2 protein chains.
Amino acid sequence: MKLSGGVEWAVHCCVVLSQAEGPVPTQRLAEFHGISRTYLAKHLQQLSRAGLVTSTEGRVGGYLLTRPGDEITVLDVVQAIEGREPAFRCTEIRQNGPLPASPQVCQRPCGVNRVMQLAEQAWRESLRAVTIADLAAGVLQDAGPQTFDRVREWLAT
Amino acid sequence: MKLSGGVEWAVHCCVVLSQAEGPVPTQRLAEFHGISRTYLAKHLQQLSRAGLVTSTEGRVGGYLLTRPGDEITVLDVVQAIEGREPAFRCTEIRQNGPLPASPQVCQRPCGVNRVMQLAEQAWRESLRAVTIADLAAGVLQDAGPQTFDRVREWLAT
DNA sequence: AATTCGTGGATGACAAGTATCCGCGTTAGT
DNA sequence: ACTAACGCGGATACTTGTCATCCACGAATT
């Protein structure tokens, strides 16, 4: 089980965007994080399709959050990149073989499936409990209160 | 994010094994679930390496659980197949770019990483809370009290 | 008109999951 | 002894998904 590396990029970008004063182009975000510009562009497009960011085209264009940071959860970002399909896919093997489960029994989802779904639910709840604003506050806590001032300054360059 | 399909097979096999009276060969387990024998063999070997099942070679050989079903959690099985690596891998992009996080700050793990780790922790706790015996009880509940009698009967064929 | 920017499609490299087959050693029954 | 059933490990493909790049296009600013 592996998460796309784009998730890390997207979350970090959202934290930066939550501190931006104007549209931030892909170029800037990629440069800031030291990552591939062209590939990051793809992920930002996914955030855009998911409605987490708005894009302004043309010169002085770029990306902006559609909502304040405290209204965007980490789960929102993860699902924008990873999609909403469950990690566990039940193939209903209980219906196979010499002693298949009856159609009546199969009206309820498979017990194994239920357990896996509950676990993923717990995972999502945990991610839903944290917002981009929480992460930004954590950065301030870890790296000092002037951190985002410097970021904004560099962004304006 | 996707779980290996082998997880589903492995969990179902453990439930069957928890009801077995003697060693069950791969052939039987594959036939019972209507799945590939040769590929299932690989997953059973993983369970064996993880110490969840013991194998007896030679004729009338097969697999047995090393512990009773109530001492094997779903998490044990999932980790035996999927490994113990976290789904989220932090690449420390905060150290990149024009405003890298200082080495002092980086002594603590990245805030994004902490959130993702917590979520995976919640996921694991949820899977750890359910045992193979619980799943077996669920099958009995769903499919009727004689279900495993029929399974044992077929297994003895 | 030229530059900067987002968008979508096409493409390719690479890793991982899926699946099969074979030779080997082991064990029980004949 | 011989054979049949079995687990084990390695080798080998096939498929899928991730990662990454490039390009042509339209939009907006200077």
Side-chain angles (χ1 to χ4, degrees), chain A residues 1-10 13 17 20 22-31 33-66 78 81-83 85 87-89 91 93 155 157, chain B residues 1-10 13 17 20 22-31 33-66 78 80-83 85 87-89 91 93 155-157:
Chain A
M1 191 180 43
K2 205 183 64 175
L3 253 70
S4 162
V7 169
E8 182 185 13
W9 297 6
C13 283
L17 287 177
V24 184
T26 309
Q27 170 68 38
R28 269 281 180 258
L29 287 171
E31 206 176 338
H33 293 111
I35 57 183
S36 158
R37 180 183 59 85
T38 58
Y39 192 33
L40 175 63
K42 295 298 180 190
H43 296 303
L44 291 174
Q45 285 172 29
Q46 289 183 276
L47 293 183
S48 179
R49 285 190 215 107
L52 299 182
V53 301
T54 54
S55 63
T56 55
E57 293 193 351
R59 207 173 173 181
V60 301
Y63 291 97
L64 274 179
L65 292 187
T66 54
V78 170
I81 303 297
E82 283 287 322
E85 300 228 324
F88 180 84
R89 275 102 134 151
T91 61
I93 60 176
L155 245 35
T157 307
Chain B
M1 190 179 46
K2 207 182 66 176
L3 254 70
S4 162
V7 168
E8 182 184 12
W9 296 6
C13 283
L17 287 177
V24 184
T26 309
Q27 169 69 39
R28 270 278 180 260
L29 287 171
E31 205 176 340
H33 294 110
I35 57 183
S36 157
R37 179 183 59 83
T38 57
Y39 192 32
L40 175 63
K42 295 297 181 192
H43 296 303
L44 292 174
Q45 285 171 28
Q46 290 183 275
L47 294 183
S48 179
R49 286 191 215 106
L52 299 182
V53 301
T54 54
S55 63
T56 54
E57 294 194 349
R59 197 156 196 227
V60 301
Y63 290 97
L64 274 179
L65 293 187
T66 54
V78 170
I81 303 297
E82 283 286 322
E85 301 230 325
F88 180 84
R89 275 101 134 150
T91 62
I93 62 176
L155 247 34
T157 305

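Source: prediction; values computed, not measured. In what follows, every chain begins at residue 1, and chains take the letters A, B, ... in the order their sequences are listed.
- For the pair Lys2(A) and Gly58(A), nearest-nucleotide mapping onto DNA chain C gives the more 5' position to Gly58(A).
- At the heavy-atom level, Ser36(A) lies under 4.0 Å from the strands shown only through sugar-phosphate atoms.
- As rounded to whole Å, 18 Å separates atom P of dA5(D) from atom OH of Tyr63(B).
- Note: CH2 (Trp9(B)) to C1' (dG17(C)) measures 11 Å, nearest angstrom.
- In this structure, CG in Leu52(A) is found 6.0 Å from OG1 in Thr66(A), a value given to the nearest 0.5 Å.
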Legend entry - Residue pair Ile81(B), Leu47(B): steps toward the side chain to side chain contact (heavy atoms under 4.5 Å, CB included) verdict: CA-CA 7 Å; Ile81(B) 303 297; Leu47(B) 294 183; 4.1 Å; yes
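- The side chain of Arg59(B) approaches dG29(C) more closely than any other nucleotide in the set dG29(C), dA28(D), dG6(C).
- Among the heavy atoms of the strands lying under 4.0 Å from Arg49(A) are primed sugar atoms or P, OP1, OP2 only; no base atom is included.
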Legend entry - Worked verdict on Arg28(B) versus Thr157(B) for side chain to side chain contact (heavy atoms under 4.5 Å, CB included): CA-CA 10 Å; Arg28(B) 270 278 180 260; Thr157(B) 305; 3.6 Å; yes
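- For the pair Glu85(A) CD and dT16(D) C1', the computed distance is 14 Å after rounding to whole Å.
- Per the geometry, CZ belonging to Arg89(B) stands 11 Å off C1' belonging to dA16(C), to the nearest Å.
- Among the heavy atoms of the strands lying under 4.0 Å from Thr38(B) is at least one base atom, whether or not backbone atoms are also near.
- OP1 and OP2 of dG6(C) both lie 4.0 Å or more from every side-chain N or O belonging to Ser48(A).
- Rounded to whole angstrom, the span from the CD atom of Gln46(B) across to the P atom of dG7(D) amounts to 16 Å.
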Inset, instruction - Would you sort out whether Cys13(B) and His43(B) count as a side chain to side chain contact (heavy atoms under 4.5 Å, CB included), showing the intermediate values? - result: CA-CA 10 Å; Cys13(B) 283; His43(B) 296 303; over 6 Å; no
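- Phosphate proximity of dT20(C) to Tyr39(B): absent, as no side-chain N or O sits under 4.0 Å from OP1 or OP2.
- Between Leu44(B) atom CG and dA19(C) atom C1' the separation is 15 Å, expressed in whole Å.
- Between the CD atom of Gln45(B) and the P atom of dC6(D) there is a distance of 15 Å, rounded to whole Å.
- Toward the 5′ end of DNA chain D lies the nearest nucleotide of Ser4(A), the other residue of the pair Glu57(A) and Ser4(A) mapping further downstream.
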Inset, instruction - I would like to know whether Lys2(B) and Glu85(A) meet side chain to side chain contact (heavy atoms under 4.5 Å, CB included); could you show each step before the answer? - result: CA-CA 9 Å; Lys2(B) 207 182 66 176; Glu85(A) 300 228 324; over 6 Å; no
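- Along DNA chain C, the nucleotide nearest to Val60(A) and the one nearest to Met1(A) differ in position, and the one closer to the 5' end is contacted by Val60(A).
- Between the side chain of Lys42(A) and the base of dG6(C) there is no donor-acceptor pair of N/O atoms closer than 3.5 Å.
- Separating the CD atom of Glu31(A) from the P atom of dT4(C) is a distance of 13 Å, rounded to the nearest angstrom.
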